Colleague: 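I am attaching a structure below and will ask some questions about it afterwards.
Since the structure is predicted, the reported quantities are computational estimates derived from the model, not experimental observations.
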Amino acid sequence: MYQVLSKRQLSDAVFELTVEAPRIARKCAAGQFLIIRADEHGERVPFTFSDWSAEEGWVRFIFARVGKTTHLLSRLATHDTIADVSGPLGRPTKILGKGKHMAIVGGGVGTAVAYPVARAACAAGARVSVITGARSADLLILQDELRALPLGRLQITTDDGSAGTQGLVTGPLAELCMNDDVDEVFIVGPAVMMKFAAQTALEAGVKTMVSLNPLMVDGTGMCGACRVTINGRTQFGCVDGPDFDAAGVDWEELMTRQSTYNEQERLSDAKYAHEVLHEVEARLAKLEAEREGSCSCKAE
């Protein structure tokens, strides 16, 4: 069992959990991920590290509350436990060093991955430009952490213009690639965002890497659920990735496979929501009965 050391709510539906896992924390690198099973009956779900401390023995991950497992995780509190935490998994992100310019693009919760990559690139002496985007200001995450880094540039975009520049990340990315000497672009976020951001950078002639998020089960290359097609060849997101050369990604296949179990996920989440509602109603009924019993005793 892995103890929750702290919990932070970053927005209405986005949460951050810090979990005690000293053996994992000693081996983490930017871009890698962990797989969590919330309880003994739960599914295995991958989350990328947003931070860790080898000295203090903890790892941190950020997630959006979108399904049954993430709803379960969002209800955890400090000192609660998680059944299983496996990692670090996947290949670390290749970090550019001194004399190189690395542009990093994070969309939505993908900023949780962009931050440690940017931090590692800054530590390696690279010049780092970061572009983050979200639908609205309340969905932007880790902005204070990014501002604390010695970045050459931090550009914020929102679809509705509530923070930063109104628009998509592709606008400032195109400007950066055309007007500056960018050696490599790293992109992480929703698949459709990565597809068009990668297209923008590649059209400017800049090498582009993307952190893919295919369906995943075991995370060790055995099940094949996370297969993606890169340059016409099957690769596994868990052991060959999660980072791949964007020029070779079959984006349509990736997005089609990501939606395979949408209906099952919707039904599972709806069932869980009904169970939670029933649990809340039972607790309220118990409290009401206890209150009425207490009032009856006082009256006697």
Colleague: Are Phe244 and Thr208 side-chain neighbours, meaning at least one heavy-atom pair lies under 4.5 Å?
Modeller: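 Phe244 does not reach Thr208 side chain to side chain.
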
Colleague: With Ser129, which of Arg153, Gln155, His101 fulfils side chain to side chain donor-acceptor pair (under 3.5 Å)?
Modeller: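 Of the listed options, the one satisfying the test is His101.
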
Colleague: Are Cys238 and Thr220 close enough that some pair of their side-chain heavy atoms sits under 4.5 Å apart?
Modeller: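 Of all side-chain heavy-atom pairs linking Thr220 with Cys238, none is under 4.5 Å.
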
Colleague: Let's go through Arg127 and Asp180 carefully: what are the C-alpha distance in whole Å and the side-chain angles of both, what is the deciding distance for side-chain contact (heavy atoms from CB on, under 4.5 Å) to 0.1 Å, and is it a yes or a no?
Modeller: CA-CA 11 Å; Arg127 182 158 63 98; Asp180 209 331; 3.2 Å; yes

Colleague: For His79, does its backbone N or O pair with a side-chain atom of Thr81 as donor and acceptor, under 3.5 Å?
Modeller: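 The answer is no, because no donor-acceptor pair under 3.5 Å joins these two groups.
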
Colleague: Donor-acceptor pairs under 3.5 Å, side chain of residues 222-229 to any protein atom, not counting sequence neighbours: which ones?
Modeller:
unit_1: Arg227; atom_1: NH1; unit_2: Gly224; atom_2: O; d: 2.9
unit_1: Thr229; atom_1: OG1; unit_2: Glu253; atom_2: OE1; d: 2.7
unit_1: Thr229; atom_1: OG1; unit_2: Glu253; atom_2: OE2; d: 3.1

Colleague: Could you walk me through whether Asp51 and Arg119 satisfy the salt bridge (Lys or Arg N to Asp or Glu O under 4.0 Å) test, starting with their C-alpha distance in whole Å, then the side-chain angles of each, then the deciding distance to 0.1 Å, before giving a yes or no?
Modeller: CA-CA 10 Å; Asp51 204 354; Arg119 184 178 60 187; 2.9 Å; yes

Colleague: Quick one: closest heavy-atom pair of Gly99 and Asp183, and the distance?
Modeller: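 That would be O-OD2, 4.3 Å.
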
Colleague: What distance do Lys195 atom NZ and Asp250 atom CG have between them, rounded to the nearest 0.5 Å?
Modeller: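 The NZ atom of Lys195 sits 9.5 Å away from the CG atom of Asp250.
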
Colleague: Quick one: does any side-chain atom of Gln143 pair with a main-chain N or O of Ile141 as donor and acceptor, under 3.5 Å?
Modeller: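 Pair found, side chain donor or acceptor close to backbone of Ile141.
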
Colleague: Going by distance alone, is a donor N or O of one side chain under 3.5 Å from an acceptor N or O of the other, for Asp80 and Gln3?
Modeller: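 Absent: no donor and acceptor within the cut-off.
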
Colleague: Please report the interatomic distance CD(Glu184) to CG(Leu96), rounded to the nearest 0.5 Å.
Modeller: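 Between Glu184 CD and Leu96 CG, I get 5.0 Å after rounding to 0.5 Å.
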
Colleague: Yes or no on side-chain contact (heavy atoms from CB on, under 4.5 Å) for Ile35 and Met216, after CA distance, side-chain angles and deciding distance?
Modeller: CA-CA 9 Å; Ile35 285 185; Met216 196 173 294; 4.2 Å; yes

Colleague: Evaluate the side-chain proximity of Phe49 to Ile24: yes if any heavy-atom separation is below 4.5 Å, no if none is.
Modeller: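 Side-chain contact under 4.5 Å: yes.
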
Colleague: For a side-chain hydrogen bond (donor to acceptor under 3.5 Å, both in side chains) check, start with the C-alpha distance between Arg60 and Thr18, then their side-chain angles and the critical distance, and finish with the verdict.
Modeller: CA-CA 4 Å; Arg60 184 172 292 159; Thr18 302; 2.8 Å; yes

Colleague: What I want to check is whether the side chains of Thr69 and Glu43 have a donor and an acceptor closer together than 3.5 Å.
Modeller: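 Side chains of Thr69 and Glu43: pair found under 3.5 Å.
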
Colleague: Give, for atom CD1 of Ile230 and atom CG of Asp240, the distance between the pair rounded to the nearest 0.5 Å.
Modeller: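 Here the rounded value is 9.0 Å.
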
Colleague: Using side-chain contact (heavy atoms from CB on, under 4.5 Å), reason through Ile36 and Leu34 one step at a time and then give a plain yes or no.
Modeller: CA-CA 7 Å; Ile36 282 178; Leu34 52 91; 3.3 Å; yes

Colleague: What about Ile187 and Met255, same hydrophobic cluster or not, with Ile/Leu/Val/Met/Phe/Trp/Tyr joined at side-chain heavy-atom distances under 4.5 Å?
Modeller: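 Yes, same cluster.
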
Colleague: More than 12 heavy atoms of other residues, nucleotides or ligands under 6.0 Å from CG of Asp12: is that the case?
Modeller: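 No.
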
Colleague: Are Tyr115 and Val130 linked, directly or through intermediate hydrophobic residues, by side-chain heavy-atom contacts shorter than 4.5 Å (ILVMFWY only)?
Modeller: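 Both belong to a single hydrophobic cluster.
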
Colleague: Hey, does the side chain of Glu175 reach the backbone of Met178 with a donor-acceptor pair shorter than 3.5 angstrom?
Modeller: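 No; zero donor-acceptor contacts below 3.5 Å.
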
Colleague: For the OG1 atom of Thr111 and the CG atom of Leu146, what is their distance to the nearest 0.5 Å?
Modeller: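 Between Thr111 OG1 and Leu146 CG, I get 7.0 Å after rounding to 0.5 Å.
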
Colleague: Please name the residue in the list Lys94, Met209, Met102 that meets the side chain to side chain contact (heavy atoms under 4.5 Å, CB included) test with Val117.
Modeller: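 Testing each of Lys94, Met209, Met102 against Val117, the sole residue satisfying side chain to side chain contact (heavy atoms under 4.5 Å, CB included) is Met102.
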
Colleague: If I compare all heavy atoms of Gln32 with all of Pro88, which pair ends up nearest, and what's the gap?
Modeller: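 Closest approach of Gln32 to Pro88: OE1-CB, 3.6 Å.
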
Colleague: May I ask you to test the Val249-Leu212 pair for a side-chain heavy-atom distance under 4.5 Å?
Modeller: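 Yes; the side chains approach each other to less than 4.5 Å.
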
Colleague: If only atom types and distance count, is the side chain of Glu56 paired as donor or acceptor with the main-chain N or O of Trp58 below 3.5 Å?
Modeller: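 The answer is no, because no donor-acceptor pair under 3.5 Å joins these two groups.
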
Colleague: For Arg44 and Val217, indicate whether the former's side chain and the latter's backbone hold a donor-acceptor pair under 3.5 Å.
Modeller: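 Between the backbone of Val217 and the side chain of Arg44 there is a qualifying donor-acceptor contact (under 3.5 Å).
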
Colleague: With the 4.5 Å side-chain cut-off for hydrophobic clustering, are Phe186 and Val182 part of the same group?
Modeller: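 Per the 4.5 Å side-chain linkage, Phe186 and Val182 are not co-clustered.
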
Colleague: Is it true that Arg8 and Glu145 make a salt bridge, defined as a side-chain N closer than 4.0 Å to a carboxylate O?
Modeller: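 Judged by the 4.0 Å cut-off on N to carboxylate O distance, Arg8 and Glu145 do form a salt bridge.
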
Colleague: Donor-acceptor check, side chain of Thr158 to backbone of Gly161, threshold 3.5 angstrom: yes or no?
Modeller: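 Checking the backbone N and O of Gly161 against the side chain of Thr158, a donor-acceptor pair under 3.5 Å is found.
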
Colleague: If only atom types and distance count, is the side chain of Gln258 paired as donor or acceptor with the main-chain N or O of Asn213 below 3.5 Å?
Modeller: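 Indeed, once roles are kept as given, a pair shorter than 3.5 Å links the two residues.
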
Colleague: Just so I know, are the side chains of Tyr2 and Glu20 near enough to count as touching, which here means a heavy-atom distance under 4.5 Å?
Modeller: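 No, every pair of side-chain atoms sits at 4.5 Å or beyond.
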
Colleague: Do Val169 and Phe196 have side chains that approach each other closer than 4.5 Å (heavy atoms only, starting at C-beta)?
Modeller: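 A side-chain contact is absent here, since even the closest heavy-atom pair is not under 4.5 Å.
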
Colleague: If every non-hydrogen atom of Ala21 is compared with every non-hydrogen atom of Val59, which pair is closest and at what distance?
Modeller: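 So the two residues come closest at CB-CG2, 4.1 Å.
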
Colleague: Restricting to non-hydrogen atoms, name the atom on Gly90 and the atom on Pro242 that form the minimum distance, rounded to 0.1 Å.
Modeller: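 Closest pair (atom of Gly90, atom of Pro242, distance): CA-CD, 4.2 Å.
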
Colleague: For Leu17 and Phe63, what are the C-alpha separation, side-chain angles and deciding distance, and is it a side-chain contact (heavy atoms from CB on, under 4.5 Å)?
Modeller: CA-CA 9 Å; Leu17 288 182; Phe63 60 93; 3.8 Å; yes

Colleague: Applying a strict under-4.5 Å side-chain criterion to I, L, V, M, F, W and Y, I'd like to know whether Leu142 and Leu149 cluster together.
Modeller: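 They do share one cluster, since a chain of ILVMFWY contacts under 4.5 Å joins Leu142 to Leu149.
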
Colleague: Would you say the side chain of Arg147 lies within less than 4.5 Å of the side chain of Leu154, judging by non-hydrogen atoms?
Modeller: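 Side chain of Leu154 against side chain of Arg147, heavy atoms only: contact under 4.5 Å found.
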
Colleague: When you group the ILVMFWY residues by side-chain heavy-atom contacts below 4.5 Å and let the links chain together, are Met194 and Leu176 in the same group?
Modeller: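 Per the 4.5 Å side-chain linkage, Leu176 and Met194 are co-clustered.
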
Colleague: When you measure from the side chain of Ser211 to the backbone N and O of Val188, does any donor-acceptor pair fall under 3.5 Å?
Modeller: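 Side chain of Ser211 to backbone of Val188, a donor-acceptor pair under 3.5 Å: no, none is there.
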
Colleague: Mind listing the closest non-hydrogen atom pair of Ala134 and Leu140 along with its distance?
Modeller: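 The pair with the smallest heavy-atom distance is CB-CD2, 3.7 Å.
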
Colleague: Donor-acceptor check, side chain of Arg91 to backbone of Val239, threshold 3.5 angstrom: yes or no?
Modeller: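 Yes, because the side chain of Arg91 sits within donor-acceptor range (under 3.5 Å) of the backbone of Val239.
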
Colleague: Does any non-hydrogen side-chain atom of Thr157 lie less than 4.5 Å from one of Pro172?
Modeller: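 Of all side-chain heavy-atom pairs linking Thr157 with Pro172, at least one is under 4.5 Å.
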
Colleague: Nearest 0.5 angstrom please: Phe33 CZ to Ser86 OG, how far?
Modeller: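 So the gap between those two atoms works out to 10.0 Å.
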
Colleague: Indicate the atoms forming the closest heavy-atom contact of Cys122 with Leu151, along with that distance.
Modeller: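 Closest heavy-atom pair between Cys122 and Leu151: SG-CD2, 3.8 Å.
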
Colleague: Tell me if a side-chain donor or acceptor on Lys100 pairs with a main-chain N or O of Ile95 at a distance below 3.5 Å.
Modeller: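 Flag not set: sc Lys100 to bb Ile95 has no pair under 3.5 Å.
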
Colleague: Return the CH2 to NZ distance between Trp52 and Lys27, rounded to the nearest 0.5 Å.
Modeller: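 It is 14.0 Å, given to the nearest 0.5 Å.
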
Colleague: Under the side-chain hydrogen bond (donor to acceptor under 3.5 Å, both in side chains) rule, collect the residues that match up with Asp138, sequence neighbours excluded.
Modeller: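 In terms of side-chain hydrogen bond (donor to acceptor under 3.5 Å, both in side chains), with neighbours along the sequence ignored, Asp138 is linked to Ser136.
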
